[in-house]
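If you're wondering where the values come from, they're calculated on a predicted model, not measured in any experiment.
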Amino acid sequence: MPKVVKRIWDSAPLWAWIVMGVCVIILVVGLIVSSNRTAPTSPAAQSLPTTSTAMQTPATVAFVDDARANPETPKTLVLLGDSTGADKNGWAPALGESISQTLERPVATKYWNTATNSYGEMVGLGDGPNGPVGYWNASASGRDADYTLENLDTMIAPDVTPDLIMLNFGHTQDTTQPLAPQLQPLIDELRTQYPDADLVAIKQSPAQGANADAQLEGFAAAMDAEGIQVIDVNSAFPTDNTQLSALLRDGVNPNADGQQLWTKTVLAAYGLPEAQ
């Protein structure tokens, strides 16, 4: 080995070895300096969060997913609102029927009676081998959120533990004032009494000849700030008065075609098909 090294040394001119030595020194110094320096970070990189949070699953989808993942566990659904959810052939029972067929669960509902301030008889919406779903439809025709708040202890009895509560208000509220503050007392009470229940707000279909811009302005953002999912039925309906009138039976409440549009929109929010 020494002979080989001597042969290589003798074969190269002196200047080449000097240049090589200088390069080695520069390389070593560079490595030392770089090891003591923090790599620069671009402004864009500095603004990125150190952790990422997955988008939250909508409450309606989470309800179905949990019911599917735990088929034997009973579930409870509550609808609070006005006459647009009270039709016994409308979107509200259609939701129960789809839940029953899709998840193979027995679903039974009761409809609120404003004359007695209580529920009527139980109505079956479907059967199945899995755990039951109790569906309390407290839609109160001609009544507002204050009425619901006054009757809340009856609408949701002490022995009922809701998993999901839908809020369907608008037409019976003050249309000249923002809707979100009008619902806030009810929302606060629901949060207090049922902290484990998810809340979902329905942005109702428009009324014929009415301007609800002042009422609905900022509604979705306000609900989002509360962590409440919004089902936008309003945008599913036409804005043209002539086209809108073909979907309403009295200028406010949806007719059969309007109920079908409500049903399609609500079921899409749950990720459910229409019942057959």
What verdict does the side chain to side chain contact (heavy atoms under 4.5 Å, CB included) test give for Tyr135 and Ile99, after you've listed the backbone C-alpha separation in whole Å, the side-chain angles of each residue and the deciding distance to 0.1 Å? CA-CA 10 Å; Tyr135 187 1; Ile99 290 174; over 6 Å; no

In this structure, CG of Leu103 is separated from CG of Asn70 (nearest 0.5 Å) by 11.5 Å

Nearest 0.5 angstrom please: Asp198 CG to Thr60 OG1, how far? 9.5 Å

All heavy atoms of Gly209 vs all of Asn241, minimum pair found to be N-OD1, 3.2 Å

Can you tell me how far apart CG (Leu149) and CG (Leu190) are? Round to the nearest 0.5 Å. 8.0 Å

Using 0.5 Å steps for rounding, measure from the CG atom of Leu186 to the CG atom of Leu167. 6.0 Å

Are Gln182 and Asp174 side-chain neighbours, meaning at least one heavy-atom pair lies under 4.5 Å? yes

Determine whether Thr265 and Asp232 satisfy the following criterion, side chain to side chain contact (heavy atoms under 4.5 Å, CB included), listing intermediate values before the conclusion. CA-CA 8 Å; Thr265 306; Asp232 189 2; 6.0 Å; no

Side chain to side chain donor-acceptor pair (under 3.5 Å) against Ser98, all qualifying residues, sequence neighbours excluded: none

Do Ile202 and Leu179 share a hydrophobic cluster, counting only Ile, Leu, Val, Met, Phe, Trp and Tyr and linking them when any side-chain heavy atoms are less than 4.5 Å apart? no

Applying side chain to side chain contact (heavy atoms under 4.5 Å, CB included), can you list everything that pairs with Lys88, at least two apart in sequence or on another chain? Tyr111

Using the test side chain to side chain donor-acceptor pair (under 3.5 Å), find all partners of Asp159 that sit at least two apart in sequence or belong to another chain. none

Describe, in one word, how the ring planes of Trp91 and Trp262 are oriented to each other, choosing from parallel (under 30°), tilted (30 to 60°) and perpendicular (over 60°). parallel

Glu274: which residues meet the side chain to side chain donor-acceptor pair (under 3.5 Å) condition with it, sequence neighbours left out? Gln260

Tightest non-hydrogen contact, residues Gly96 and Leu125, listed as CA-CD1, 3.9 Å

Asn255 versus Leu248, closest heavy-atom pair with distance: ND2-N, 3.5 Å

For residues 56-70, the salt bridge (charged side-chain N to carboxylate O under 4.0 Å, His left out) pairs (sequence neighbours left out) are Asp65-Arg68, Asp66-Lys75

Might you point out which heavy atoms bring Tyr119 and Asn137 nearest each other, and give the distance in Å? CE2-O, 3.6 Å

Verify the cluster assignment for Ile228 and Phe63: are they in a single hydrophobic cluster under the rule of side-chain heavy atoms below 4.5 Å apart? no

Minimum heavy-atom separation for Asn253 and Ser83, please, with both atom names. OD1-OG, 2.7 Å

Does the side chain of Pro273 reach to within under 4.5 Å of the side chain of Leu267, using non-hydrogen atoms? no

Any chance the side chains of Gln229 and Asp224 put a donor and an acceptor closer than 3.5 Å? no

Has Glu217 got more than 12 heavy atoms of other residues, nucleotides or ligands less than 6.0 Å from its CD? no

Do Val233 and Phe219 land in one hydrophobic cluster if side-chain heavy atoms of ILVMFWY residues count as linked below 4.5 Å? no

Within one Ile-Leu-Val-Met-Phe-Trp-Tyr cluster: Trp136 and Leu77, side-chain cutoff 4.5 Å: no

Partners of Ser118 by side chain to side chain donor-acceptor pair (under 3.5 Å), sequence neighbours excluded? Thr116

Does some side-chain heavy atom of Leu80 sit less than 4.5 Å from a side-chain heavy atom of Leu152? yes

Would you indicate whether the side-chain heavy atoms of Ser205 and His171 approach each other to under 4.5 Å? yes

Got Tyr147 and Asp82 here, is their nearest side-chain heavy-atom distance under 4.5 Å? no

Consider only side-chain N and O atoms of Glu97 and Gln101, and report whether a donor and an acceptor are under 3.5 Å apart. no

Leu79-Tyr194 co-clustered via ILVMFWY side chain contacts under 4.5 Å: no

Nearest 0.5 Å, what's the CG-OG1 distance between Asp188 and Thr192? 6.5 Å

If only side-chain N and O atoms count, and only distance matters, is there a donor-acceptor pair under 3.5 Å linking Asn151 with Thr154? no

Heavy-atom closest contact (Asn168 atom, Gly85 atom, distance): ND2-N, 3.7 Å

Take Arg143 and Thr114, measure what side chain to side chain contact (heavy atoms under 4.5 Å, CB included) needs, and give me the verdict at the end. CA-CA 8 Å; Arg143 303 296 196 273; Thr114 55; 4.0 Å; yes

Once you round to the nearest 0.5 Å, how far does CG of Leu244 lie from CZ of Phe237? 7.5 Å

Ignoring hydrogens and geometry beyond distance, is a side-chain donor-acceptor pair present between Glu226 and Gln184 at under 3.5 Å? yes

Checking Gln204 against Thr84: is there a side-chain donor and acceptor pair closer than 3.5 Å? yes

